[in-house]
Every structure is written in C-alpha cells, then in structure tokens.
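Right, one structure below, let's go through it.
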Protein chains: 2
Amino acid sequence: MFIKNLPHKTVERLSQYRRALLLILSKEKTHVFSHEIAQMLHITPVQVRRDLMLIGYSGNLRKGYDIKELIDLIGKIIDSERGQRVAVVGLGNLGKAFISYFKGKRSKLSMIAAFDVNPEKINRVFDGVPCYHINQLPEIIKQNNISIGIITVPSEQAPEIAEALVLSGIKGILNYTPKPLNVPAYVYLEEYDMITSLEKVAFFAKKNDERFK
Amino acid sequence: MFIKNLPHKTVERLSQYRRALLLILSKEKTHVFSHEIAQMLHITPVQVRRDLMLIGYSGNLRKGYDIKELIDLIGKIIDSERGQRVAVVGLGNLGKAFISYFKGKRSKLSMIAAFDVNPEKINRVFDGVPCYHINQLPEIIKQNNISIGIITVPSEQAPEIAEALVLSGIKGILNYTPKPLNVPAYVYLEEYDMITSLEKVAFFAKKNDERFK
DNA sequence: TTTTTGTTGTGAAACTTTACACATGTCCAC
DNA sequence: GTGGACATGTGTAAAGTTTCACAACAAAAA
C-alpha cells in the first residue's frame with residue numbers, strides 16, 4: 001500500500017495508534033472516536049483525524065472508526081508484506097532490554113539474531129534470540145535476509161559495525177550509541193541518544209520549575 | 001543564564017555539541033569552525049551557527065569558536081547551577097543500561113538511586129548506584145532532593161510510578177514505557193518508545209528500499 | 001418534521017524548524 | 001595596499017507540523 005510521503009511524525013503515531021487499538025479491541029467495543037484515541041495518547045483529536053486522513057481512512061460519522069479495519073489498514077501501510085527481520089548488535093544491557101521489550105509483540109518484525117564479542121554470550125540463546133560472534137555478522141545477515149540492525153555496542157565500535165551492516169546489505173539502522181554514523185542514502189538511519197534526552201529533560205524540568213515558582 | 005524560549009531541537013543539539021567538543025578539546029586544538037562541528041554531528045554548518053546565535057555566542061571570524069568557552073557557555077545554559085539528581089525506577093536491563101551509559105560522564109547530573117521490587121536487587125549497589133524498594137521511593141526522592149526520574153518498569157506499572165514520582169516532588173520524567181503518562185503541567189515529561197522507533201525505521205527502510213530499487 | 005447534538009473531514013492559518021543567500025569582516029598572498 | 005579565500009551572523013524563504021474553524025452530515029430528540 002502506497003501513500004505519498006507520509007510525514008515522519010505521522011508514521012510514529014500510526015505505530016502508536018495500532019498498539020493502543022489492539023489493547024482496546026473487543027467484542028463489545030468495535031468502534032472508536034478520534035477523541036478516544038487522542039485521549040489514550042495524550043494528543044488532540046484533530047491530530048488523529050488528520051493522520052487518518054493522510055492514510056485515506058474514513059470513519060463513520062456516528063460510530064467513529066472501525067477498530068479492526070483501522071488496525072489492518074495501518075498494518076498494510078507500515079508493515080512490509082513479507083515481514084522484516086531484525087538483528088541486535090551488542091548484547092549488553094541495552095541489547096537485552098530491546099529483545100525483552102520486543103518479545104511477545106506479534107508483529108511483522110522478527111528478531112532473528114544478536115551479535116556480541118563476549119564468549120560467554122556467543123552460541124547461547126537469550127529470550128529466544130541466538131547470539132553469534134560479530135565476525136559472523138555478514139554471513140548471518142545475508143543468510144537470513146536481515147534488513148534492520150540495532151546498534152547497542154560501545155560507541156567507539158559503532159562506526160565499524162555500521163559499515164559491516166551496510167556492506168552486508170542492511171536497509172535500516174537504529175543507532176543507540178551517541179556516535180553519529182555515516183551511511184549511504186539508501187540506508188535509513190535513525191539515531192537516538194539516551195544522554196541527550198536526559199539532558200533535555202533536565203533542562204526543561206529546570207525551566208518549568210522556574211516558570212511555576 | 002537565561003535565553004528566551006530555546007527550541008527543543010536546539011537544546012538537544014547543544015547537549016550533543018558539548019559532548020562532541022569535549023572529545024576534541026586539547027592543547028593543540030583550541031578553536032573549531034561551524035562546519036567541523038556540523039561534520040561531527042552530520043548536520044549543516046548553518047544549523048550550528050543558528051543554534052549558537054540563539055544562545056548568543058559569537059565566534060572569531062578567522063579562528064572559529066573557542067572550544068572551551070563554548071563548552072562552558074553551553075553548561076551555563078543547559079545545566080542547573082546546583083546540579084540535578086536523577087533516579088531510575090526499574091532496574092531491569094533497560095534501567096541498568098541507563099546507569100552504565102551514564103557512568104563516568106562527568107556532568108551536573110548525578111545518578112543517585114535506583115528502585116525495583118526484586119528482593120535480589122534491593123539494598124545492593126549496581127555500578128555505583130544503590131537500589132531501594134519501590135515503597136521507599138517517596139522518602140528517598142524527597143530526602144535526596146531528586147528532581148529527575150527515569151521510568152523503565154513494565155508498562156502496566158508506569159502510571160502508578162509516575163504518580164508516586166509527581167507526589168514526591170519530581171520535576172522531570174523520562175518515560176521509556178509505551179504507556180503514555182499523565183502529569184501536571186509543572187512536571188516536564190518526555191516519552192520515548194523503543195518499539196515505535198523500530199517500526200519507524202522498518203517503515204522508512206522499506207520505503208527507501210523501494211525508492212532506490 | 002424540525003431542531004439539537006456530536007462527530008468527521010479539511011482548507012487555511014499558525015507555529016516550529018531548517019535551509020538559502022548574502023552582507024560583513026579578517027587574514028594572507030602578492 | 002589590494003584582491004582573493006573563507007568564516008561568521010542573520011534576514012528571509014521554505015519545509016514540516018500542529019491547530020483553528022467550520023462545513024457537512026447522521027441520529028436522536030422534540
């Protein structure tokens with residue numbers, strides 16, 4: 001399913017809508033209003049309607065949106081039909097956290113492999129995900145047609161990991177190290193830095209505090 | 001130090017500038033150009049200059065920006081003079097990851113406490129941070145004047161934790177659970193959802209892949 | 001039948017963030 | 001000194017995102 005140029009923020013919210021909707025779907029409740037979705041995510045109803053407009057979904061004027069239909073439509077848009085396989089590089093606390101969070105979430109995304117250098121972790125299975133030595137990365141990525149890589153190694157090693165991932169044919173990278181990475185344009189890169197978001201919270205908390213004093 | 005309404009994105013970048021600058025500061029290199037900073041973070045030089053303009057910092061036309069001065073100025077703006085104390089609620093993999101990431105980063109932020117319900121973790125020290133039972137949260141938060149809380153508990157428990165944090169006088173919350181929280185306006189709330197960002201990467205990776213095919 | 005109520009869908013405005021374009025200034029080379 | 005090379009600082013435009021305001025409409029109530 002194709003929608004021309006869906007905004008980044010809308011894509012994020014669609015993922016959240018779907019998860020929220022899955023939680024409230026039941027025999028008794030088959031429809032939902034924009035203000036109900038909005039309330040669950042603490043955003044405005046207009047925002048919800050605008051997002052749904054962008055994906056071309058129409059609700060019922062009196063009953064709201066058909067929950068099941070909407071879940072399916074979001075799936076058609078954000079999921080890949082054939083599914084996508086994911087690997088975590090770096091099985092430290094953060095890598096493990098990701099795998100645990102992921103577990104049980106039914107999804108078109110499947111966590112296939114983890115990589116590390118620690119001999120105690122290699123060739124063992126963590127929460128259903130096998131861990132390999134980083135040397136095997138190209139081989140495993142290619143064999144299993146893994147298209148998404150999550151980098152949770154110490155930041156000094158992030159660039160070489162990214163390069164290895166790119167050379168192995170990865171399509172998207174989620175980088176949790178503070179080291180900004182360089183990848184070709186055909187690889188989608190998302191960077192997230194925990195320290196930065198903590199410093200941001202600290203800044204606005206301080207500011208809020210002054211403002212409300 | 002006060003700057004009127006610094007944009008959110010600028011605050012995030014300032015935190016990143018500072019970290020990048022700390023890495024390159026040395027006897028030999030005392031100044032830096034906007035395009036050098038830009039290159040390190042993979043953004044445009046104009047963006048860097050605009051951010052520095054917003055915080056009122058002027059560089060030297062020929063030598064660029066004085067690294068040390070700039071680091072100090074950023075500190076004056078984003079740090080709180082008296083420092084801020086941080087606690088992690090939920091000492092699972094994610095909570096541990098946060099503490100480890102944090103360790104060693106000199107900063108005006110100090111990680112003071114962790115909370116959990118698992119008896120094996122309570123009253124032990126992880127990476128220099130003591131872990132308490134969640135029942136002790138209000139007491140410890142108040143006694144230690146902790147102003148920032150990071151929530152890394154299972155998502156069902158997030159709302160009650162948030163409420164406890166707010167009642168204990170917290171000023172900012174960083175929520176890593178997918179459960180959107182409700183907090184009063186005087187508490188700054190930042191939400192980050194790992195699954196959503198993974199689904200986002202998956203979506204744009206898929207799209208990129210189609211585009212470059 | 002008519003009015004009231006409450007919802008969706010959306011053009012247009014407002015706000016936020018980034019990029020362009022270029023005036024200004026400094027140093028170096030000649 | 002005069003011109004060239006190269007930075008900074010910034011008005012303004014552009015792009016991205018959210019919100020306002022309201023038309024359109026369906027069902028229930030009067």
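Lettering of chains follows the sequences in order, A, B, ..., and the numbering in each one begins at 1.
- Protein atom CZ of B:Phe33 is 6 Å distant from nucleotide atom P of D:dA7, rounded to whole Å.
- Computed from coordinates, the B:Arg62 CZ to C:dC27 C1' distance equals 4 Å when rounded to whole Å.
- Salt bridge absent: B:Asp72 and B:Lys76 never bring a charged side-chain N and a carboxylate O closer than 4.0 Å.
- Among B:Leu14, B:Asp79, B:Ile78, the single residue meeting the side chain to side chain contact (heavy atoms under 4.5 Å, CB included) criterion with A:Phe203 is B:Ile78.
- Nucleotide D:dA28 holds its C1' atom 16 Å from the NZ atom of A:Lys63, rounded to whole Å.
- In this structure, A:Lys207 forms no cation-pi arrangement with B:Tyr188, as its terminal cationic atom is not both closer than 6.0 Å to the ring centre and no more than 45° off the ring axis.
- Using bins of under 30°, 30° to 60° and over 60° for the plane-to-plane angle, the ring pair A:Tyr57/A:Tyr65 lands in the tilted bin.
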Please enumerate all protein N or O atoms sitting under 3.5 Å from an N or O of nucleotides 16-22 of chain C, with distances to 0.1 Å.
unit_1, atom_1, unit_2, atom_2, d
C:dT18, OP1, B:Arg13, NH1, 3.3
C:dT18, OP2, B:Arg13, NH1, 2.9
C:dT18, OP2, B:Arg13, NH2, 2.9
C:dT18, OP2, B:Gln47, NE2, 3.3
C:dA19, OP2, B:Thr44, OG1, 3.3
C:dA19, N6, B:Arg50, NH2, 2.8

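- No side-chain donor-acceptor contact under 3.5 Å links B:Lys108 to the backbone of B:Arg82.
- The CG-P distance, from A:Leu61 to D:dC25, rounds to 9 Å in whole Å.
- Remark: P of C:dT26 and NE2 of B:His31 are 15 Å apart, rounded to the nearest angstrom.
- A salt bridge links A:Lys29 with A:Glu36; the closest basic N to acidic carboxylate O contact falls under 4.0 Å.
- Taking only side-chain nitrogens and oxygens, A:Ser58 never comes nearer than 4.0 Å to OP1 or OP2 of C:dT8.
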